[in-house]
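Take a look at the structure below.
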Amino acid sequence: MGTQDVFEDCLFCQIVNNQTDTEILLSNEELVCFPDMKPGATHHYLVVPRTHINNCQSLKRDNIPLVERMEEMGRSILEMRKVSDLNDVRMGFHLPPFSSVPHLHLHALAPASQMKPRSQLRYGSQSYWFIPVDKVLSQLKTQGKVK
């Protein structure tokens, strides 16, 4: 990875380049997974690409495989952490301007049914600033972008 991919003041770029003491749970040449610093559920992990992408609205149709691999890694960490009901999961992205860190990151939370009301506001199915990963994928497939 070239230095042009690293944004000096981006926390997630620092994490993927091992410049913090954040515990990396899973990683490969493309993605890194680590615990969310302010968990919204018993299990709350972030999956980020090593390449800096601002947010889900920066994605284009050719990013579909990347998003699918992010979702796969999110499911993998939940399985590794022995989440018993993989149907009781919330996975998705915050829509700008509600993303806390301007570096694309997939939230993987479980069990979704036990999230506190405050977490439901941020990550729940009624949240207007959280978009589930399947909706991101369908918008990319049909419109080539995320609304």
Side-chain angles (χ1 to χ4, degrees), residues 5-60 63-143 145-147:
D5 295 325
V6 180
F7 287 68
E8 296 302 321
D9 55 354
C10 173
L11 174 62
F12 291 172
C13 281
Q14 293 167 5
I15 290 172
V16 302
N17 288 293
N18 296 318
Q19 295 168 338
T20 71
D21 56 6
T22 302
E23 180 191 7
I24 304 297
L25 302 173
L26 278 176
S27 71
N28 59 30
E29 61 288 335
E30 182 182 43
L31 303 171
V32 173
C33 175
F34 49 90
D36 191 292
M37 288 197 273
K38 297 181 188 146
T42 307
H43 296 274
H44 188 171
Y45 309 104
L46 299 180
V47 177
V48 304
R50 290 182 180 275
T51 303
H52 187 93
I53 298 171
N54 284 339
N55 56 59
C56 64
Q57 289 181 332
S58 307
L59 296 168
K60 303 283 178 268
N63 294 123
I64 290 170
L66 168 71
V67 175
E68 289 172 339
R69 289 189 295 270
M70 290 175 77
E71 181 181 18
E72 282 168 29
M73 184 176 276
R75 290 212 176 276
S76 296
I77 189 64
L78 293 172
E79 287 172 18
M80 286 171 59
R81 292 294 165 120
K82 310 278 188 263
V83 170
S84 54
D85 184 359
L86 291 172
N87 294 316
D88 190 15
V89 165
R90 288 287 293 163
M91 288 172 79
F93 304 90
H94 281 125
L95 289 165
F98 301 103
S99 29
S100 51
V101 177
H103 183 128
L104 184 69
H105 54 287
L106 173 76
H107 291 266
L109 301 101
S113 61
Q114 293 172 29
M115 287 193 297
K116 304 250 183 311
R118 196 159 154 223
S119 294
Q120 287 288 357
L121 280 175
R122 286 189 148 147
Y123 311 106
S125 54
Q126 302 307 309
S127 170
Y128 64 90
W129 62 73
F130 186 81
I131 181 169
V133 67
D134 52 353
K135 199 169 179 184
V136 166
L137 286 167
S138 74
Q139 287 184 13
L140 287 173
K141 287 171 185 165
T142 57
Q143 297 149 15
K145 64 182 195 313
V146 176
K147 286 192 291 198

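These numbers were taken from a predicted model, which means no experiment stands behind them.
- Atom CG of Leu11 is separated from atom CD of Gln19 by 10.5 Å, given to the nearest 0.5 angstrom.
- Of all heavy-atom pairs spanning Ser119 and Gly40, the tightest one is OG-O, 2.8 Å.
- For the atom pair Cys56 SG and Asn63 CG, the distance stands at 11.0 Å (nearest 0.5 Å).
- In this structure, the salt bridge (charged side-chain N to carboxylate O under 4.0 Å, His left out) partners of Lys141, at least two apart in sequence or on a different chain, are Glu68.
- Under the rule for a side-chain hydrogen bond (donor to acceptor under 3.5 Å, both in side chains), Asn18 has no partner lying at least two apart in sequence or in another chain.
- When all heavy atoms of Leu31 and Pro49 are compared, the pair lying nearest together is CD2-CA, 3.7 Å.
- In this structure, the separation between CE on Met73 and CG on Leu26 is 5.0 Å, given to the nearest 0.5 Å.
- Side-chain atoms of Leu25 and Pro35, non-hydrogen and from C-beta on, do get closer than 4.5 Å to each other.
- Proximity of Val146 to Asn55: side-chain heavy atoms (C-beta onward) are nowhere separated by under 4.5 Å.
- Put simply, the side chain of Leu66 reaches to within 4.5 Å of the side chain of Ile53, judged on heavy atoms.
- Residue pairs that meet the salt bridge (charged side-chain N to carboxylate O under 4.0 Å, His left out) test with at least one member in residues 106-130, sequence neighbours left out, do not exist here.
- With values rounded to the nearest 0.5 angstrom, Ser27 atom OG is found 5.0 Å from Arg50 atom CZ.
- For Thr20, the side-chain hydrogen bond (donor to acceptor under 3.5 Å, both in side chains) partners at least two apart in sequence or on another chain are Thr22.
- Looking at every heavy atom in both residues, Ala41 comes nearest to Ala110 through CB-O, 3.6 Å.
- Under the rule for a side-chain hydrogen bond (donor to acceptor under 3.5 Å, both in side chains), Ser127 has no partner lying at least two apart in sequence or in another chain.
- Judged as a side-chain hydrogen bond (donor to acceptor under 3.5 Å, both in side chains), the pairs with a partner in residues 34-45 (not counting sequence neighbours) are, in order, Asp36-His44, His43-Tyr45, His44-His107.
- In this structure Arg69 satisfies the salt bridge (charged side-chain N to carboxylate O under 4.0 Å, His left out) test together with Glu30, sequence neighbours excluded.
- Val32 has its side chain out of reach of Phe12: every pair of non-hydrogen atoms, C-beta onward, lies at least 4.5 Å apart.
- Residues satisfying the side chain to side chain contact (heavy atoms under 4.5 Å, CB included) test with Gln143, not counting sequence neighbours, are Gln139, Lys147.
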Step by step, work out the side chain to side chain contact (heavy atoms under 4.5 Å, CB included) result for Ile15 and Val48. CA-CA 10 Å; Ile15 290 172; Val48 304; 6.0 Å; no
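- Nearest heavy atom pair, residue Ala112 against residue Gln120, reads O-NE2, 3.4 Å.
- A distance of 6.5 Å separates NE2 of His103 from NE2 of His52, quoted to the nearest 0.5 Å.
- Residues forming a side chain to side chain contact (heavy atoms under 4.5 Å, CB included) with Glu71 (at least two apart in sequence, or on another chain): Arg75, Met91, Val133, Leu137.
- Here the straight-line distance linking atom CG of Leu95 with atom CH2 of Trp129 works out to 11.0 Å at 0.5 Å rounding.
- Between Phe93 and Met70 the shortest heavy-atom distance is CE2-CE, 3.9 Å.
- Counting only residues at least two apart or on different chains, no salt bridge (charged side-chain N to carboxylate O under 4.0 Å, His left out) pair has a member in residues 79-97.
- Taking the side chain as every heavy atom from C-beta outward, Val16 and Thr51 never approach each other to under 4.5 Å.
- Every ring-ring contact (aromatic ring centres under 6.0 Å, His included) that Phe130 has, sequence neighbours left out, goes to His94, Tyr123.
- Remark: Leu121 engages no residue in a side chain to side chain contact (heavy atoms under 4.5 Å, CB included) (not counting sequence neighbours).
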